[in-house]
Amino acid sequence: MRVSVFVEPHRGATYDDQLRFARASEACGYEGFFRADHYQSMGDDPGLPGPTDAWLTLAALARETDRIRLGTLVTSATFRLPGPLAVMVAQVDRMSGGRVELGIGAGWYEREHTSYGIPFPPVGERFDRLAEQLEVVTGLWRTPVGETYRFTGDHYRLVDAPALPKPVQVPGPPIILGGRGPKRTPELAARYADEFNMPFTSVDKTAEAYERVREACDRVDRAGSGRAPLVLSAGIVVAVGRTDAEAHRRAAPLHVASALPPEDAVVGSPALLVERIGRFAAIGATRVHLRFTAIDDLDHLELIASDVLPQLDGVDR
């Protein structure tokens with residue numbers, strides 16, 4: 001089981017906060033540090049001192065960490081054009097020595113788009129744009145050096161793009177797609193993704209999503225195309241403590257109203273989290289992303305590293 005950490009800096013975090021957490025995660029033996037890509041908090045709390053850009057942050061972390069993998073869960077396709085996004089992610093991959101992963105989605109939080117003047121088309125068009133972005137980004141990365149890339153879609157057109165720079169990872173950084181959508185999300189994951197992630201919901205709902213994406217992989221004949229099997233992962237909100245009181249203190253932020261859908265958090269002992277991860281493993285997950293409720297709570301990070309990670313098969317510490 002591969003274990004990464006996930007944080008939400010839009011709730012209130014400086015770059016230094018994120019650097020401290022990423023370095024501590026690396027020292028504790030977690031595989032990856034992933035962050036949300038949002039420009040605004042989702043409740044009444046403004047999230048001071050304000051947002052930090054996901055890819056600017058990851059570029060800096062690429063130079064200030066050594067081993068830990070770095071990525072987004074998930075970049076909004078509404079925020080950036082696909083050509084510049086491919087350049088940006090490839091550059092950060094090179095800066096990190098090949099440790100970057102691109103989680104990408106259609107975008108969903110309308111308020112931050114309105115606040116910052118970012119167009120927010122209807123959901124069908126957002127998924128159309130996401131599909132074209134995936135085609136463009138992967139196409140640019142796969143184009144051989146010395147050749148150019150062209151693409152004509154309904155929303156984007158590229159003419160004789162030099163398709164540079166190339167990322168370190170070949171054919172490109174792993175792409176993560178996920179979410180609760182029953183139709184287009186599984187189809188896009190089967191066609192373009194290296195990992196399908198079901199975020200922060202129950203084991204039963206996650207199992208249903210995994211079955212949909214397996215069926216989509218069969219429809220597009222992913223195995224017949226020679227592509228590696230899709231990694232299945234789960235997001236888990238964690239509020240773990242040595243005592244019930246400590247766990248419930250860490251869970252307090254989960255009771256604040258926000259725009260997020262209901263989540264199935266693990267609130268309790270390290271053993272409870274081990275049991276939950278085991279249930280995800282039983283339905284096919286080989287990776288989990290643990291969402292921490294507070295980015296300044298390094299003791300929480302260390303507790304899970306000491307009391308949970310050693311009990312998971314395949315975690316190399």
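- Sorted by first and then second residue, the pairs that involve residues 140-152 and meet side chain to side chain donor-acceptor pair (under 3.5 Å), not counting sequence neighbours, are Arg150-Asp160.
- We find the CG-CZ distance between Leu158 and Phe151 to be 8.0 Å, quoted to the nearest 0.5 Å.
- Without hydrogens or angle criteria, Arg222 side chain to Ala190 main chain gives a donor-acceptor distance under 3.5 Å.
- Between Ile104 and Leu130, the closest side-chain pair of non-hydrogen atoms falls below 4.5 Å.
- Residues Leu298 and Leu273 are members of one and the same hydrophobic cluster, defined by side-chain heavy-atom contacts under 4.5 angstrom among Ile, Leu, Val, Met, Phe, Trp and Tyr.
- Clustering ILVMFWY residues whenever any of their side-chain heavy atoms sit less than 4.5 angstrom apart, transitively, puts Tyr15 in the very cluster that holds Leu70.
- Distance check, rounded to the nearest 0.5 Å: CG of Leu102 to CG of Leu85 gives 5.5 Å.
- Other residues sharing a hydrophobic cluster with Tyr39 under the 4.5 Å side-chain heavy-atom criterion for ILVMFWY residues are Phe79, Tyr116, Ile118.
- In this structure a side-chain-to-backbone donor-acceptor pair under 3.5 Å is missing from Arg279 to Val274.
- A donor-acceptor pair shorter than 3.5 Å can be found between the side chains of Thr52 and Gln18.
- Judged by distance alone, the side chains of Tyr210 and Glu215 never bring a donor and an acceptor atom under 3.5 Å apart.
- The main-chain N or O of Met198 is never found under 3.5 Å from a side-chain atom of Arg180 such that the two would form a donor-acceptor pair.
- Relative to the ring axis of Phe200, Arg291 places its NZ or CZ within 45° and under 6.0 Å from the centre.
- Using modelled atom types, one side-chain atom of Tyr30 and one backbone atom of Ala305 make a donor-acceptor pair closer than 3.5 Å.
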request  = Take Arg99 and Leu61, measure what side chain to side chain contact (heavy atoms under 4.5 Å, CB included) needs, and give me the verdict at the end.
outcome  = CA-CA 11 Å; Arg99 293 184 283 126; Leu61 293 177; over 6 Å; no
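- Of the possible polar contacts, none joining the Thr293 side chain to the Pro253 backbone as a donor-acceptor pair under 3.5 Å is found.
- Criterion: ILVMFWY side-chain heavy atoms under 4.5 Å apart, direct or through other members. Under it, Ile68 and Met95 are not part of a common hydrophobic cluster.
- Two residues are said to be in side-chain contact when any heavy atoms from C-beta on lie closer than 4.5 Å; Phe127 and Thr185 meet this criterion.
- No side-chain donor-acceptor contact under 3.5 Å links Arg276 to the backbone of Val266.
- The two atoms that bring His113 and Thr78 nearest to each other are NE2-OG1, 2.6 Å, heavy atoms only.
- Contact between Pro9 and Ala36 at its shortest, heavy atoms only, is CD-N, 4.2 Å.
- The closest side-chain heavy-atom distance from Ser25 to Leu301 is below 4.5 Å.
- Under a 3.5 Å cut-off, the side chain of Glu26 and the backbone N or O of Arg67 do form a donor-acceptor pair.
- With rounding to the nearest 0.5 Å, the separation of CG in Leu19 from OG1 in Thr57 is 10.5 Å.
- Inspection of the Tyr109 and Gln40 side chains reveals no N or O donor paired with an N or O acceptor under 3.5 Å.
- Side-chain contact annotation: His289 with Glu195, donor-acceptor N/O pair under 3.5 Å present.
- Using modelled atom types and a 3.5 Å distance limit, the side chains of Arg2 and Ser233 yield no donor-acceptor pair.
- Qualifying side-chain contact (heavy atoms from CB on, under 4.5 Å) partners for His155, counting only residues two or more places apart in sequence or in other chains: Glu125, Asp128, Arg129, Glu132.
- The distance from atom CD1 of Ile236 to atom CZ of Phe6, rounded to the nearest 0.5 Å, is 13.0 Å.
- Looking at heavy atoms from C-beta onward, Thr201 lies out of side-chain contact with Glu263 at the 4.5 angstrom threshold.
- Residues that satisfy the ring-ring contact (aromatic ring centres under 6.0 Å, His included) test with Phe280, not counting sequence neighbours, are absent from this structure.
- One hydrophobic cluster, built from ILVMFWY side chains closer than 4.5 Å, cannot hold both Leu81 and Trp55; they sit in different ones.
- No donor-acceptor pair under 3.5 Å is formed between the side chain of Glu112 and the backbone N or O of His38.
- Proximity of Phe33 to Thr65: side-chain heavy atoms (C-beta onward) are nowhere separated by under 4.5 Å.
- Other residues, nucleotides and ligands contribute more than 12 heavy atoms inside 6.0 Å of the CG atom of Asp53.
- Taking Glu208 as the reference, Arg212 meet the side-chain contact (heavy atoms from CB on, under 4.5 Å) condition, with sequence neighbours excluded.
- No side-chain heavy atom of Ile304 sits less than 4.5 Å from a side-chain heavy atom of Val5.
- Asp264 and Ser202 get closest at one heavy-atom pair: OD2-CA, 3.4 Å.
- A search for salt bridge (charged side-chain N to carboxylate O under 4.0 Å, His left out) contacts involving Arg250 returns Glu246, Asp297, Asp299, not counting sequence neighbours.
- In plain terms, the two heavy atoms of Lys183 and Pro186 that are nearest each other are O-CD, 3.2 Å.
- With a 6.0 Å radius and a threshold of 12 heavy atoms from other residues, nucleotides or ligands, Arg69 has its CZ atom above the threshold.
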key: Intermediate values then yes/no, salt bridge (charged side-chain N to carboxylate O under 4.0 Å, His left out), Asp66 and Arg23   = CA-CA 9 Å; Asp66 298 312; Arg23 282 178 167 169; over 6 Å; no
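- Residues Val231 and Ile283 do not share a hydrophobic cluster, clusters being chains of Ile/Leu/Val/Met/Phe/Trp/Tyr side chains in contact below 4.5 Å.
- The six-membered or imidazole ring of Phe292 lies near that of Phe21, with a centre-to-centre distance under 6.0 Å.
- Between Val3 and Leu312, the shortest heavy-atom contact is CG2-CD1, 3.6 Å.
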request  = List the steps and the verdict of salt bridge (charged side-chain N to carboxylate O under 4.0 Å, His left out) for Arg287 and Glu101.
outcome  = CA-CA 14 Å; Arg287 191 183 204 187; Glu101 304 186 30; 2.8 Å; yes
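- In this structure, Glu110 CD and Ser115 OG are separated by 10.0 Å, a value rounded to the nearest 0.5 Å.
- Looking at Tyr192 and Thr138, their side chains come closer than 4.5 Å, going by heavy atoms from C-beta outward.
- Between Pro270 and Asp307 the shortest heavy-atom distance is CB-CB, 3.7 Å.
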ask   = Passes salt bridge (charged side-chain N to carboxylate O under 4.0 Å, His left out), Arg35 versus Glu8? Steps please.
value = CA-CA 6 Å; Arg35 57 154 288 165; Glu8 298 182 312; over 6 Å; no
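- In this structure, Pro51 and Arg11 have side chains that are not in contact, with every pair of non-hydrogen atoms separated by 4.5 Å or more.
- Side chain of Ser306 to main chain of Leu303: a donor-acceptor pair is present (N/O by atom type, distance under 3.5 Å, no hydrogens or angles).
- Between Ser76 and Trp108, the side chains place no donor N or O within less than 3.5 Å of an acceptor N or O (distance only, hydrogens not considered).
- Put simply, the side chain of Asp93 gets close to the backbone of Val168: a donor and an acceptor are under 3.5 Å apart.
- The environment of CZ in Arg157 is sparse: at most 12 heavy-atom neighbours from other residues, nucleotides or ligands sit within 6.0 Å.
- To the nearest 0.5 Å, atoms CG (Leu177) and CZ (Arg191) are separated by 12.5 Å.
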